[in-house]
Structures are given as structure tokens and as C-alpha cells.
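Below you'll find the structure, written out as C-alpha cells, and then a few comments.
Lettering of chains follows the sequences in order, A, B, ..., and the numbering in each one begins at 1. Because the structure is predicted, anything quoted here is derived from the model rather than measured.
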Protein chains: 2
Amino acid sequence: MSVNVTIKEIAKHAGVSVGSVSHVINGSAGVGPDIKARVERAIADLGYTPNPVARGLRQQRTRMIAMIIPDITNPYFPSVVRGAEDLAFEHGLQIVLCNTDNDPVKEAAYLRTMVSYSLSGLLIIPSVGDEQNHPLHDGRPSGIPTLCLDRKPMHWGGDVIVSDNAEGGRLVARHFLQSRHTRIAIIRGPDQFSNAFDRQQGFLSELTSSGLHTPDDYIEQGAFDIDGGRRAAQRLLSLSTPPTAIFASNDLMALDVLTALEARGLSCPNDVSVVGFDNLDVAAITRPGLTTVDQSGYTLGRAGLSRLLARMDAPDLAPETLQLPVRLVHRGSVCPPQP
Amino acid sequence: MSVNVTIKEIAKHAGVSVGSVSHVINGSAGVGPDIKARVERAIADLGYTPNPVARGLRQQRTRMIAMIIPDITNPYFPSVVRGAEDLAFEHGLQIVLCNTDNDPVKEAAYLRTMVSYSLSGLLIIPSVGDEQNHPLHDGRPSGIPTLCLDRKPMHWGGDVIVSDNAEGGRLVARHFLQSRHTRIAIIRGPDQFSNAFDRQQGFLSELTSSGLHTPDDYIEQGAFDIDGGRRAAQRLLSLSTPPTAIFASNDLMALDVLTALEARGLSCPNDVSVVGFDNLDVAAITRPGLTTVDQSGYTLGRAGLSRLLARMDAPDLAPETLQLPVRLVHRGSVCPPQP
DNA sequence: TTGAAAGCGCTAACAC
DNA sequence: GTGTTAGCGCTTTCAA
């Protein structure tokens, strides 16, 4: 298994210097065809693989990318990771996975560790990152190419790739409006997450510009995780004039709403229409199927790494924000309000 | 952000030699209390973090663990990864994530790369690994502590941690039997996966020992992924005497069976009872809820890393196979056959 | 107990 | 075009 064979042995075996071997490996300098052939032969014969740790030490950068995400167990994130990993594999880069649980302390710890590993890049779905002293507070941490995925800290000035959350919110609002709903509520996610905020903004502003005012008690707060939507849904349904349509701003919460509805003997969509956000696989499995905003985590992850790759080659690229398109997937959880 | 401060600067700042600094960092030799204090002071003052790459080069081993899994996008695996990652975090180890798509070629490529990174350990959910020349074919690859999770290659002689798949199969068989079913079918997974094989074995042998013969056309083959169960279910339901109970040997396939049933206007559990395996989150969401065998991916991952940690300390530990307990979770997808 | 120095495997600057 | 060599930051003998 090719362990322990070093560049020095290749050099000896090929009868050349280590410098030349290094050059043919990296294609760095003009190497004569004869030497090139001999080296390649020796590499093949001995089954040599350059030691990436030594290389990393020398070049002050390892061919690894850290993905710092909230929780791989949350069903939206695996596809993001997979999107990045596929492209990483094509480029011979490794993915180091870090779960922060949205804890800025854990996130900061990981960030520091990753910097000390001098890796090639950082793909991060930030927890919040607006606390002082947080490595993300101003600019990229320690000169490592860094990109915020899915959402961004308030003060972040670097690359960002997100879904077009505001547009997603608008899409939902328009769909409710077109279905002739007027009692329309939202369960929004935590405001400090920019994606949650944007969804809410897009949604509410679209309602407003259609002349529909949304009362405060139609704006509920959920935690973006499972069970986050349950209590919010219960409060909404206990209102004296409960909404006929609910936008749960992610699918996990929408699932909760469906459950809460069922628990109350209410029917979706007849009594209450529901729309989610994410288009997780489960959204197709619920009865009724969940109408939801589709965003591709896979594309997000892949685009993120792609941009990072570009920045690794050209560190001085101007920071860029990319918004990925979203679309509404119609399933069975919306219908006009019943008289 | 503590970049670029090296052990040498600590040494100078503390007025001691680099060797002494190293010793206090690693607690390796008896260091005088005076020097110890001065070094710790300097470390705190300058915000020093040892460079893990340099350390890795010197010691021929980096504090990283590779997790080589089929696909993080398959809903069972994230919890396995998370279980390992949590323990890794506690021990200051990093997780490198590799998706093989069950492709032995990709798996072998990753294995080789990981060896060249000289990492501390390998947690692998093997694709198959019985092909000749595959690094897993005989024993651990290149002296790196390696453990097979969830399933094992035929010839693997090292550590293994799996769920008690055979027992899971038996549980399901017994449940069907107790519900007075006699026309009982199974959709098994790919035979080369030991977990799939064991589930099938446990299931069928339990039926047999209860005097129930399972005809060949009641044993269907699925691919263990989504859609893998659909065609199998269709064939089963098209039989002249279709089964009244189906064991889909993972939840993804069980979901397919539910869908196929619905498409035919058949009711679960009244027309056909269904049991899955895994107890994914979705199993609680389907209508009816899916009765399934619970196995904890989180525990599997955590136990895997725990064992690896032990082996890192004591490489000569005798190989061990650990079977984690499973249990049947009763939901609504099973009832006695209707007359 | 402490310091000096070799060397992990590699790249890159320099000399020829 | 090719070889020699310093040195990335650290651990770990070995001497003192």
C-alpha cells in the first residue's frame, strides 16, 4: 500500500535529484523528456504518492476544505455537503466536516482549529457571527479563502452564496393571494439568520404591496427545527379568527404544522393551506403532499466550492454575492379558503 | 487570529529552548515549574496554537479521522457521522468525510488518499470490498487503525460494529407471525451487504423455524435506496396470491411499498401490512406510521469512534465484533390479515 | 531538568 | 535542464 516511499527513493531509483522529481510531479519547471520518463517510471514502479502533510507544511496550505455547518443531521444540509464534496473529489480536495449546532462558541473553536491546519478554504453556514471577537466578525479569518453559504452574518464582507430567499417568500405570498386567501400567517425562523429574515421580508412585503395588512399575531416565531413549528402552529390555530393559510418558513416547521392540524382534527388544505420552504424529500411523502419552495442544497454546495476554487487561484477577487433561483413546487397542501 | 506564531517565538519569548516548550505542550518530560509557568505565560500572551501539520509530519500521523460512507444524502448516514463527530470533537480530532456511492473504485481511491494523509483512524461503511486488490481485502490498510461500521466485507478480519441485523429480522418475522399472517414476503437488500444479508437470514430463519415456508417469489430484491422497493413491491402485489405482509428491509424501500400500495388503491395495513428497518425520522410521519426496526445510527457512529480511540492507544487489541441492540417500534402499518 | 540538533517529506530558490 | 540545499514547525533523541 505504497507506504513510506518518499521522493528521495524515487530520485534514487530514477537516478535523478529530488528537485527534478518534485518538478515532474508538480509540472513546475521545464524537465527534459528523458528525466520525466524515468521519474514517471519510478513513481509507477514504487507506487509512490506524495505525502500531502509534508507538502502542506512546506506550502503552508493543505488541500483540505472545511465545511462548517449547523448539523449534518438536519435534512437540508447533507445535500449541501454532498454538492461541495463531489466537486472537491474532482479536484483532489478533502472535506473536513464540522457541526456547530448554531453555537458561536463551537463555531469559533472550529474556525481557529481549521486556520491552524492551514487548509485551502472554508465553506461556512454561519451560526450568527455577529458577536464581537468572533473570527467571522470582520472579513475572512486569517487569510484563508472563506465563503458563507445559505446565510450570512450581518457584517460579513466576503463571498456569499444563498438561495433567493426573498423571492421564495414572494412566491408563497403570491400563491396564497391567487388562491384568494386573506387570512394569511407566517411562522418565521430566527431573525438573526439572514435566510429566515429574507423569506419573511419577501413574503410580508408582497402581501403589503397587494394591500393586505398582516396583523402581529399572524407573525409567529419558530426555531427552524423540528418541533419549532408546533407551538407556533398551536398559537395560530387558537386565535379567535385563525388564519386560513400558513407559510411555515422551512419544511421541518411545515411538517409540524401538518401534525398540529391533524391533532386538532383540522384538514389541510380544506381548513388551512400550508406552504413550506426547502423541498426536502419528505415534502413529497406527506399526505397531502407539501407545497413548498424548492431550493437546491446540492447546487448551493457545489457553487460554493466552485467559487472558493476561483478565489484560491485569485485571492484578490472582489467579494461577490450570488443568489440561486428558487421555485414553487405545487403539491396538495394549498387550496382556496372554504366558505 | 494567532497565525504564524511558532514554537520558536514562544521559546524566545519565554527565554527557554524549543524543546522545553514542546515538552510543556505535550507534558512529555519533567519540566521545572518555573519554566513551565514561563512557557504557559508566553503561549497565552502570544496566542499560540501548535501547528498540527508540522506535528503531523513529524509524528507521521495527523489528528484526523476519515469517515468513508456510501452517501451522506442517504438519510441513515448523517446520524452515524454525527455520532462519531461529537466524540471526535471532544477529543480534538477532525472528521474527513468521503462519499463512495458504494463504488469500490472510489472507495479504494479514498482509502489510498487517506493513508497518504497518515491520519489517526478510519471509520468505514464498506462498499463491498471483496474484490482482489482492494485495500480492504485483507486486514487493515497500511497500519492505520480501521473499523468497519454498519456492515463488513466478507474477508474482513478487523474491528466491526454493526446493529444486530439478524435479530431485527427475527423481530419482524415474529411480529408478522403473532399478527397471524401466513403470506409473508420480504424485499431484501443487496446480498453483498452483510447487514442486508443478516436481516434476511434472521427473518427467513425465524419463519422457517415456525414452520412457515417462504416461496421464492415472496423473496424480492431491492436496491436499498429510494425507488429500489417500488418495482419489487409491484411484482409482489401482482402475484396471483399476493402477500398480506411485507418486510421491506430498510425504511427507504418501505416508503416505496407504501407508495406502491396507494397507487394500486390498496390500504395499509388493512390489505397489506408493512414493516421497515432503520426507524428514520420519516417513519413517524407517513400515514399510517411505519412500524420499523429501530437502530441508532448515532450510537453506531459514536461507538465506532470510541473503539477506534481505544485501538489508537493500543494497536494490538484483538479484533472485536460488536452488535448493537435493535428494537421494534410499533406504529400503524401492521394489523392481522383481513378475511 | 534543560538545551542543541537532527530530521519528518516536501518545495522552491539558487547555482551550475 | 538539472542538482543542491535551506527550511516549513514540530518532536525527540542525545548530551550536558
Side-chain angles (χ1 to χ4, degrees), chain A residues 2-40 42-43 46-64 92 113 115-120 142-143, chain B residues 2-40 42-43 46-64 92 113 115-120 142-143:
Chain A
S2 74
V3 82
N4 277 343
V5 21
T6 74
I7 200 173
K8 213 182 280 182
E9 300 171 51
I10 298 299
K12 192 196 309 183
H13 197 256
V16 301
S17 73
V18 290
S20 295
V21 176
S22 178
H23 283 142
V24 350
I25 291 169
N26 299 295
S28 38
V31 195
D34 173 44
I35 287 205
K36 181 153 185 273
R38 297 222 309 275
V39 168
E40 280 165 350
I43 288 177
L46 304 189
Y48 167 72
T49 318
N51 181 324
V53 181
R55 185 180 269 179
L57 176 59
R58 179 61 233 239
Q59 306 188 132
Q60 306 282 57
R61 97 214 268 278
T62 48
R63 293 187 62 74
M64 300 188 299
T113 304
V115 168
S116 77
Y117 269 97
S118 57
L119 23 69
S120 294
S142 275
Chain B
S2 76
V3 82
N4 276 343
V5 22
T6 74
I7 200 173
K8 213 182 281 181
E9 300 172 49
I10 298 299
K12 191 194 310 180
H13 196 255
V16 302
S17 73
V18 290
S20 296
V21 177
S22 178
H23 283 140
V24 349
I25 291 170
N26 299 294
S28 38
V31 195
D34 173 44
I35 286 204
K36 181 151 186 275
R38 297 222 308 276
V39 168
E40 280 165 349
I43 288 177
L46 304 190
Y48 167 72
T49 318
N51 181 324
V53 181
R55 187 180 266 180
L57 176 61
R58 178 61 232 238
Q59 307 188 132
Q60 306 282 57
R61 99 214 267 278
T62 46
R63 292 187 63 73
M64 300 187 299
T113 304
V115 169
S116 76
Y117 269 97
S118 57
L119 23 70
S120 294
S142 274

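- Between Thr6(B) and Asn51(B) the shortest side-chain heavy-atom distance does not fall below 4.5 Å.
- Rounded to an integer number of Å, the gap from CZ of Arg61(B) to C1' of dC10(D) is 15 Å.
- When rounded to the nearest whole Å, the span between CG of Asn26(A) and P of dG9(C) equals 17 Å.
- Looking at the side chain of Ser20(A), the nearest of the listed nucleotides dT5(D), dT12(D), dG3(D) is dG3(D).
- Nucleic acid contact for Ile25(B): none, since no nucleic acid atom lies under 4.0 Å from a heavy atom of the residue.
- To the nearest 0.5 Å, atoms CD1 (Ile25(B)) and CD1 (Ile10(B)) are separated by 7.5 Å.
- The residue Gly32(B) sits close only to the backbone: its heavy atoms come under 4.0 Å of sugar-phosphate atoms, none of a base.
- Here Ser22(B) lies in heavy-atom contact (under 4.0 Å) with a base.
- If you take CZ of Arg63(A) and P of dT11(C), they are 12 Å apart, rounded to a whole angstrom.
- Here dT11(D) is the nucleotide among dT4(D), dG9(C), dT11(D) with the atom lying nearest to any side-chain atom of Ile7(B).
- The structure places CG of Leu46(B) at 4.5 Å from NE2 of His13(B), a figure rounded to the nearest 0.5 Å.
- We find that CG of Leu57(B) is positioned 11 Å from P of dT11(D), with the value rounded to whole Å.
- The phosphate of dC10(C) has OP1 or OP2 within less than 4.0 Å of a side-chain N or O from Tyr48(A).
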Working for side-chain contact (heavy atoms from CB on, under 4.5 Å), residues Arg55(B) and Asn26(B)
CA-CA 11 Å; Arg55(B) 187 180 266 180; Asn26(B) 299 294; 3.5 Å; yes

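- Dashed line: the shortest gap from a side-chain N or O of Gln59(A) to OP1 or OP2 of dC10(C) is not under 4.0 Å.
- Position along DNA chain C of the nearest nucleotide to Lys36(B) versus Gly19(A) favours Lys36(B) as the more 5'-ward residue.
- Relative to the side chain of Arg58(A), the nucleotides dG9(D), dG3(D), dA6(D) differ in distance, and dA6(D) lies closest.
- Applying the 4.0 Å criterion to OP1 and OP2 of dG9(D), one finds that Arg55(B) has every side-chain N and O outside that range.
- Protein atom OH of Tyr117(B) is 17 Å distant from nucleotide atom C1' of dC8(C), rounded to whole Å.
- In the set dG3(D), dC10(D), dC8(D), dC8(D) carries the atom at the smallest distance from any side-chain atom of Lys8(B).
- At distances below 3.5 Å, not a single donor-acceptor pair connects side-chain atoms of Ser118(A) with backbone N or O atoms of Gly56(A).
- Regarding contacts with the backbone of dG3(C), a side-chain N or O of Ser17(B) is found under 4.0 angstrom from either OP1 or OP2.
- For Val18(B) and Val31(A), each mapped to the nucleotide of DNA chain D holding its nearest heavy atom, the one lying further toward the 5' end belongs to Val31(A).
- The interatomic distance linking Ile35(A) (CD1) with dT2(D) (C1') rounds to 6 Å, in whole Å.
- Atom NE2 in His23(A) sits roughly 12 Å away from atom C1' in dC10(C) (whole-Å rounding).
- Residue Val16(B) is in sugar-phosphate contact alone, with no base atom involved, counting any heavy-atom pair closer than 4.0 Å across all strands shown.
- Side-chain atoms of Arg61(A) never come within 3.5 Å of backbone atoms of Ser120(A) as a donor-acceptor pair (strictly under, hydrogens ignored).
- Side-chain atoms of Asn51(A) lie closest to dC10(C) of the nucleotides dC8(C), dG3(D), dC10(C).
- A close approach under 4.0 Å does occur between a side-chain nitrogen or oxygen of Gln60(B) and OP1 or OP2 of dG9(C).
- Note on Pro52(B): nothing from the nucleic acid sits closer than 4.0 angstrom, heavy atoms only.
- Remark: C1' of dG3(D) and CD1 of Ile10(A) are 17 Å apart, rounded to the nearest angstrom.
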